[in-house]
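Working notes for the structure below.
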2 protein chains.
Amino acid sequence: METASDTVREEPLGLRERKKLRTRETIARVALELFAERGFQETTIREIAERADVAPRTVSMYFPVKEELVFTDHGVLFDELERRLESRSADETAADALRAWIVAVLADDQAELDKTRCQRQIIESDHALRTYERGLTERAEQLIAAAVATDLGLPTDDLVPRMVGAATMAALDALADDAVDEDLPPAEYRRRALELVDQAMTFIGAGIRGLQGAA
Amino acid sequence: METASDTVREEPLGLRERKKLRTRETIARVALELFAERGFQETTIREIAERADVAPRTVSMYFPVKEELVFTDHGVLFDELERRLESRSADETAADALRAWIVAVLADDQAELDKTRCQRQIIESDHALRTYERGLTERAEQLIAAAVATDLGLPTDDLVPRMVGAATMAALDALADDAVDEDLPPAEYRRRALELVDQAMTFIGAGIRGLQGAA
DNA sequence: AGCAAGTTTGCAATGCATGCAACTTTTGCT
DNA sequence: AGCAAAAGTTGCATGCATTGCAAACTTGCT
């Protein structure tokens, strides 16, 4: 199967890089543990630093804002989306690239799904985190809007691509809710997720056609 | 024309209430001035308090989070939307109520439009404010989603109403951008705003029908 | 070993947010 | 008017996140 790592050159990491990566992962892991135990607001940077055995300053070094401790992979996931949207071939629509991205990033083993569920429970129990997440999705909306605008030959700031981006991210939100509400095995979760995605794309496609007919 | 005040009983405010209201408005006004002059992050609560001639503690009293100083009316506007959606008559769809709300709340005189433009410039020049705004729109999305779910006989957490809510708010976002980008007179701004809204509703309507046909 | 570059850390300062208690003003009642 | 309760304002103190800066420490390389 195609994954992100297929396209990324794997440099042999030096000791320095490996250590840095390990520190980063340790901090993120213990932070998630603590958030799950006591809640996000109730956990201080200092406590995270203590359990990760680093200085508080180091935590802030790796994660300039506290919220980033929860959304540790959103950045790379969205980078990947951007790459797929921008480097898609001429016969591939934005919708195709988007769907392929979702297929590639969907949690597919139990461990990954468990981590996702843990993150989602933390996020959904804290308003600041939900707000922060909405801020993150803004970027994805814009990426999608830009790609859709290209497909449709519309200006980037046109209403239609923006609505498509927003509706798409609403679908991904619904998908995230599913991840936590249900207690499904990974395969079943994937199936339902793709069902949601296809439903969203049908909606969007019909919306676009409806608007083109009216114009 | 119908406006919010038509349906709200105007109690004769006592001195206490009037004073409170005046203090609140003074704080909000000077805060907006300062934000426009120096920027949001660059202005401290203390400076706002000084110019408003109150204690810093009082500012935090009226506006528990700094961001609220910019979004002073969003709360009541969304209250009004909620009221309109929930108290609509049987023959009025969610879309009807929504459109009526937009017509009622659109800035229609120069002074109001100027204030809106000032707010929007401040918001768009600061990332924290944009994020905060996205958090606020979550509520509106949910109100709309709930009303649309009722109209369509779907569960509240169904994908379709959620996408409709998201797409609708994307349209309002685009509308807000228009308010600042252009230098239009109020009447022209209103006209373009309604054009956008109708375009959004065409998109959404077609999307819903497309999905119903496929189901 | 020893130097240069890159990391981690401690320290200090700033600013937002909040609980609490003291203080002032307004209100309602006699 | 006079007074007591209620409501609003303020000062004080604390906790926490975030950031700049410089010192201390590690690693990579010669």
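Every value quoted in this text rests on a predicted model; they were computed, and no experiment measured them.
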Report yes or no: do E68(A) and Y62(A) form a side-chain donor-acceptor pair below 3.5 Å? no
With sequence neighbours left out, what residues match T44(A) under side chain to side chain contact (heavy atoms under 4.5 Å, CB included)? R46(A), E47(A)
With distance as the sole test, does T72(A) use its side chain to make a donor-acceptor pair with the main-chain N or O of L69(A) at under 3.5 Å? no
Strictly under 3.5 Å: I want the nitrogen or oxygen pairs between protein and nucleotides 28-30 of chain D, one per line.
{"residue": "dG28(D)", "atom": "OP1", "partner": "L15(A)", "partner atom": "N", "Å": "2.9"}
{"residue": "dG28(D)", "atom": "OP1", "partner": "R16(A)", "partner atom": "N", "Å": "3.1"}

Anything under 30° is parallel, anything over 60° is perpendicular, the rest tilted; go ahead and classify W101(B) against F78(B). tilted
Going by heavy atoms in the side chains, are R134(A) and T131(B) under 4.5 Å from each other? no
Between R117(B) (side chain) and A179(B) (backbone), is there a donor-acceptor pair under 3.5 Å? yes
With a cut-off of less than 4.0 Å, is there a side-chain N or O of K19(A) near OP1 or OP2 of dT26(D)? no
Hey, is the side chain of K20(B) poking within less than 4.0 Å of OP1 or OP2 on dA7(D), counting only N and O atoms? no
Using atom CZ of R24(B) as one end and atom C1' of dT9(D) as the other, report the distance to the nearest whole Å. 16 Å
Can you measure Q41(B) atom CD to dT14(C) atom C1' for me and round it to whole angstrom units? 13 Å
Residues from residues 42-50 of chain A lying under 4.0 Å of DNA chain D - heavy atoms: T43(A), T44(A), I45(A)
Measure the distance from NZ on K66(B) to P on dT18(C) and round it to the nearest whole Å. 15 Å
State, with a plain yes or no, whether a side-chain heavy atom of R162(B) is found less than 4.5 Å away from one of E141(B). no
Do P161(A) and T156(A) have side-chain heavy atoms sitting under 4.5 Å apart? no
Under a 3.5 Å distance rule, please check whether Q119(B) uses its side chain to pair with a backbone N or O of V70(B) as donor and acceptor. yes
With sequence neighbours excluded, what pairs up with D151(B) under the side-chain hydrogen bond (donor to acceptor under 3.5 Å, both in side chains) test? R88(B)
Passes side chain to side chain contact (heavy atoms under 4.5 Å, CB included), M169(B) versus M163(A)? Steps please. CA-CA 8 Å; M169(B) 292 313 290; M163(A) 286 193 293; over 6 Å; no
Under a 4.0 Å heavy-atom cutoff, the residues of residues 27-36 of chain B touching DNA chain D are none
4.5 Å side-chain heavy-atom contact, D177(B) and E124(B): yes
I'd like to know if the side chain of T58(A) reaches the main chain of V54(A), judged simply by a donor and an acceptor atom lying under 3.5 Å from each other, with no hydrogens or angles considered. no
Residues in contact with DNA chain C, drawn from residues 53-64 of chain B - heavy-atom cutoff 4.0 Å: R57(B), S60(B), P64(B)
Where the side chain of T23(A) is defined as all heavy atoms beyond and including C-beta, which of dT18(D), dT9(D), dT8(C) is the nearest nucleotide? dT8(C)
